[in-house]
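Below you'll find the structure, written out as structure tokens, and then a few comments.
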Amino acid sequence: MAETRLHCDVLVAGAGPAGIAAAIAARRAGKQVVVVDDNPHPGGQIWRGSMSGAHSTSAAARKWLQRFRASGAELLSSTRIVTAPGANTVLAEHEGNAIHIHYDALVLATGARELLLPFPGWTLPGVMGAGGLQAMAKAGLPLRGKRVVVAGTGPLLLAVAAAFVHEGATVPGVFDQASRENITAFAASLLTRPSLLMQGAGYLATIKSWRYRQGWWPLCVHGEATLQSVVMTNGSDTVEIACDYLACGFHLVPNIELGALLHCRIQNGAIIANEHQQTSVANVFTAGEAAGIAGLPQALVEGEIAGAYAAGAGNQVRHLLRRRTALRKVAARMNHAYRLRPELRALPQADTLICRCEDVSWQQLQGFSGMRSAKIHTRCGMGPCQGRICGAAMQFLAGWEADTHRPPLYPVQLSTLLPLAAHDTTHLEESI
Amino acid sequence: MPDSVTIRIDGQTVRVPHGTSVAAAIMMNGGFCRTSVQGEPRSAVCGMGICFECRAAVNGVAQQRTCQITCVDEMQVVTHG
Amino acid sequence: MDFDSVVVGAGIVGSACAAELARAGMKVALVDIADPGLGATAAGMGHIVVMDDSPAQLALTHYSRQLWDALETSLTPACEYRRTGTLWIAADEEEMQEVLRKRALYTDNGVAAEAITADRLYELEPSLRRGMSGGLLVPDDGVVYAPAVARVLAMQACDAGAVPITGKVTAVGDGRVQLEGGAELRTRRIVVAAGEWSTRLLPDLPIRRRKGHLAITDRYPGMVRHQLVELGYLKSAHSISGDSVAFNIQPRSTGQLLIGSSRQYGAEDSGVDFALMQRMLARATEYMPALADLSIIRMWTGFRAATPNKLPLIGPWTADETVFLATGHEGLGITTSLATAALLSSYFAGRDSTIPIAPYLPANAEAAHA
Ligand SMILES: Cc1cc2nc3c(=O)[nH]c(=O)nc-3n(C[C@H](O)[C@H](O)[C@H](O)COP(=O)(O)OP(=O)(O)OC[C@H]3O[C@@H](n4cnc5c(N)ncnc54)[C@H](O)[C@@H]3O)c2cc1C
Ligand SMILES: Cc1cc2nc3c(=O)[nH]c(=O)nc-3n(C[C@H](O)[C@H](O)[C@H](O)COP(=O)(O)OP(=O)(O)OC[C@H]3O[C@@H](n4cnc5c(N)ncnc54)[C@H](O)[C@@H]3O)c2cc1C
Ligand code: FES
């Protein structure tokens, strides 16, 4: 075990599009920048490296990643921020080693995770997130010849379904719970953004448009040890579809935990930011999905704004502020179009597990006044995911607010938290 | 760089393409990652380090999220912890 | 008169009192802001332990532990009650002398206790660092999940006719309990069992907040079997002033290890004090190096309601004859909750209790303090 102490002008948490854009902007302003990311490679959820090449990263992604590499920002991959031990300091863990990073300004670009909702059978191996299966495919899980049903909601479904087809999977259907009217109205509102519509049309051509059904959602899945089939419904009809994987995600949830730990104000599940991407804590900025679900273009624009303001060079990005506001409006329309239907609240049965870490059922959660009480009394949310999955689900199912955020943000090896003798301490030059 | 790596999953030798995550290797091999508190089999769900369903012991360290770990030669993986 | 007794606070102490009083035939209300057991009761370690800081503490903890044995059959699996025993660890020969003293005292008072050699110590707990001198095994001590017990006791109270009321109490006195929003309950007796919040209702109480830190690991079944506490605890943690840490490990029935403990006066913020947490974890790994490789999944803090003489306040409050206290349990309220309820109930009935209530009467605490 070793311990490293770093100091930087601007620390960026997350190397997704928002974090990459922020790091480049802060470097441009001449600041020393460190970027920390949990994943083995930069790119966040959308630009994570693909192995097979069948679904290779886009030209835009390559351009941004190349600019990032050339920017001179220090990237610490496979490194996660676990707590904030003191003022302007975070503690990160890399392969069991502690890294204390002191910063003058911080950009929270921690992105989002999928909202996963419980239905009977959702814990069977083979039932995964939509982005989750895509990430696994990019990490080498072969899909050739597999039958993959895609379900849930959001524009992400078409993108991942097209990617599965490119990987050689059969996609018998893509089912979005949002109604046809909502989705059509949202698509129509994009007429001013033809590139997005073109992208959507491309996905539809890949998966065959008749396989894309709106107003359908999963009722339950069947299978003994592994998944065999999923039953879909539109409220009046049901169909059972045999499949090897169900890729099912109900849009996204911002990763606000680090912001909450730093006492940034949170509202409607996202970190609040002003037009300069500044949070309620003066030297903490935020960008991308952590500040509200808004998609890639928004993440890039906000990242650039946040990075520049964090570097004290806001004048370089004034021209972007208008664009930011316009994009937020598109995002608001998107989030409205894909809002979740109330029928989804009726999916869990008495014995359906809600908390996957601790195996707590829907029935066990009845009669509690909120997340904290349910957690203390049933262990729901006490496991290692710390309520990231069940807490978000219960927020939708029962309207429960998340419990308070306690460190560490992720389970951490105890040795990382120990004070260290001076001789074990290495310095920036030696360690990176 | 060789284009494949060899790891051991529950004592069995498994060859996977270079860059494959441990979670993908476990699933390709037809196995599960962990056994839940009540004894159910579980495997990767989120693919991004959030859900902790892909936990297994890697090189003797228990409860690792295998979706965040890339296979390297000689790695020892024990599932169902 | 609406009630015979209104109990303010449904922590483990208030819930125990409500159950006992309702069973004695009183008309009881149990008031809390939230569901039972979410205050200090949800933050503490849940070690049921006989302690001997003073004869009165020994009497109370010993009596209460016997009541835990009696309660066992009505506890649910969620209460995770297990008689793990306490293993007090002597790091050196000086602490081994303390083992012998403690064993004699415990045995004289009818508490089973066994001196353990170093060899036997490592048979019992192989993960301990080599080089310890031995220990003292107190086999009848146990471990419990306290919030679940508070819930069971609150339900027992309701089964015996107590009325659960959700609301925030804003004032007590003169037979009246004021609730936020304007409602008022009238009662013959008010039992203030609001833990560290009791001073908000009765500012003159001799109670200070004493902050504690805990950390819990992922599941590692079988690694530790007994509640392990360093005997140096007596030298370090019980010193009244200053921040202190001590080695204190509890095996949960989930296979998780709960790691304590710290004591700190004057800390108002409920956030984790990282420097103190570091000291606490360092102390833990000094005694058990293998802990360093385990995964910590959560860290938190809690506040103990501490009195100057380290004894709880049980009985009538001198300033108002309708107000009674069941608070000030510091770091032992889970252990002593059941005895507290039994003493208070006997006092209300005008009966002699199994052990004398005198040492815990608020009037005596004030006298000692003055
Ligand atoms: C599973 C998933 C799949 C998606 N797929 C698509 C798609 O196919 N097409 C599309 O257009 N959009 C997709 N999106 C949406 C897309 O990710 C966003 O629009 C865009 O990536 C937002 O960028 P970001 O930088 O805000 O966040 P992200 O790309 O999510 O990046 C955040 C990064 O921060 C890291 N991080 C978070 N917390 C910590 C911490 N404490 N310590 C260290 N690192 C941390 C994360 O691991 C991650 O790498 C997907 C989103 C998700 C969640
Ligand atoms: C870190 C730590 C470790 C500990 N370890 C142990 C141990 O191993 N063994 C042991 O025996 N003890 C232990 N303790 C001590 C034990 O946790 C407490 O003594 C015990 O829980 C006190 O219970 P209580 O019911 O008095 O208080 P609480 O559980 O705090 O209950 C008070 C209740 O009053 C309610 N309340 C407060 N104000 C109002 C109001 N105005 N209106 C309505 N309701 C109100 C609260 O909501 C709360 O539910 C530990 C404590 C800490 C902090
Ligand atoms: S699959 Fe969710 S953490 Fe690995």
Side-chain angles (χ1 to χ4, degrees), chain A residues 38-41 44-45 48-52 78 80 95-96 111-114 116 122-142 224-226 245 247-249 253 255 353 355-361 379 383-386 388-390 392 410-411 413, chain B residues 1 3-7 9 14-72 75 79-81:
Chain A
D38 193 10
N39 291 289
H41 305 288
Q45 300 317 325
R48 57 168 72 233
S50 166
M51 291 171 47
S52 67
S78 299
R80 52 197 142 267
E95 292 173 358
R113 56 182 180 267
E114 278 184 285
L116 303 173
W122 76 308
T123 54
L124 266 184
V127 181
M128 300 170 73
L133 182 58
Q134 185 188 31
M136 289 294 292
K138 287 183 181 179
L141 183 69
E224 278 304 315
T226 53
Y245 292 107
C248 183
V253 186
N255 290 326
L353 296 182
C355 173
R356 308 175 65 116
C357 294
E358 297 291 324
D359 285 359
V360 181
S361 70
R379 301 191 58 84
C385 100
Q386 302 178 336
R388 282 178 172 83
I389 306 296
C390 60
Y410 289 100
Q413 200 173 320
Chain B
M1 204 187 313
D3 53 5
S4 75
V5 296
T6 303
I7 67 168
I9 301 178
V14 179
R15 182 184 285 273
V16 296
H18 181 87
T20 303
S21 73
V22 175
I26 294 170
M27 289 173 75
M28 280 155 78
N29 200 39
F32 310 122
C33 295
R34 72 177 193 107
T35 305
S36 82
V37 172
Q38 288 179 1
E40 294 182 0
R42 298 283 169 79
S43 263
V45 174
C46 74
M48 57 185 280
I50 297 283
C51 72
F52 286 74
E53 288 288 38
C54 63
R55 278 173 285 157
V58 178
N59 291 337
V61 185
Q63 313 284 14
Q64 300 290 299
R65 283 169 291 167
T66 57
C67 71
Q68 299 298 92
I69 302 175
T70 307
C71 293
V72 295
M75 199 175 244
T79 66
H80 295 267

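Since the structure is predicted, the reported quantities are computational estimates derived from the model, not experimental observations. Per chain, numbering begins at 1; letters A, B, ... match sequence-line order.
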Checklist outcome for this item: Note: vs chain A, highest number of non-hydrogen pairs under 4.5 angstrom among Ser43(B), Gly49(B), Cys51(B) is Cys51(B)

Checklist entry - What's the verdict on side-chain contact (heavy atoms from CB on, under 4.5 Å) for Val5(B) and Val72(B), showing C-alpha distance, side-chain angles and the deciding distance? => result CA-CA 6 Å; Val5(B) 296; Val72(B) 295; 5.7 Å; no

Item to check | Pro384(A) versus chain B, the contacting section by heavy-atom distance below 4.5 Å | outcome: both

Item to check | Under 3.5 Å: donor-acceptor pair, side chain of Arg356(A), backbone of Trp122(A) | outcome: yes

Checklist entry - Do you know which of Cys54(B), Ala25(B), Pro41(B), Cys71(B) has the most heavy-atom pairs with chain A at a distance under 4.5 angstrom? => result Pro41(B)

Next on the checklist: We want to know whether Arg15(B) and Ser4(B) form a side-chain donor-acceptor pair, criterion being a heavy-atom distance below 3.5 angstrom.
Outcome noted: yes

Next on the checklist: Between Gln45(A) and Ala112(A) (side chain of the first, backbone of the second, donor and acceptor by atom type, cut-off under 3.5 Å), is there such a pair?
Outcome noted: no

Checklist entry - Is the NZ or CZ atom of Arg388(A) positioned over Phe52(B)'s six-membered ring, under 6.0 angstrom from the centre and within 45° of the axis? => result no

Next on the checklist: Quick check on Leu124(A) against chain B: is it the side chain, the backbone, both or neither that has a heavy atom closer than 4.5 Å?
Outcome noted: neither

Checklist entry - Is it the backbone or the side chain of Gln38(B) that comes under 4.5 Å from a heavy atom of chain A, or both, or neither? => result both

Item to check | Selection from Pro125(A), Gly129(A), Ala247(A), Ser78(A) maximising heavy-atom pairs under 4.5 Å formed with chain B | outcome: Pro125(A)

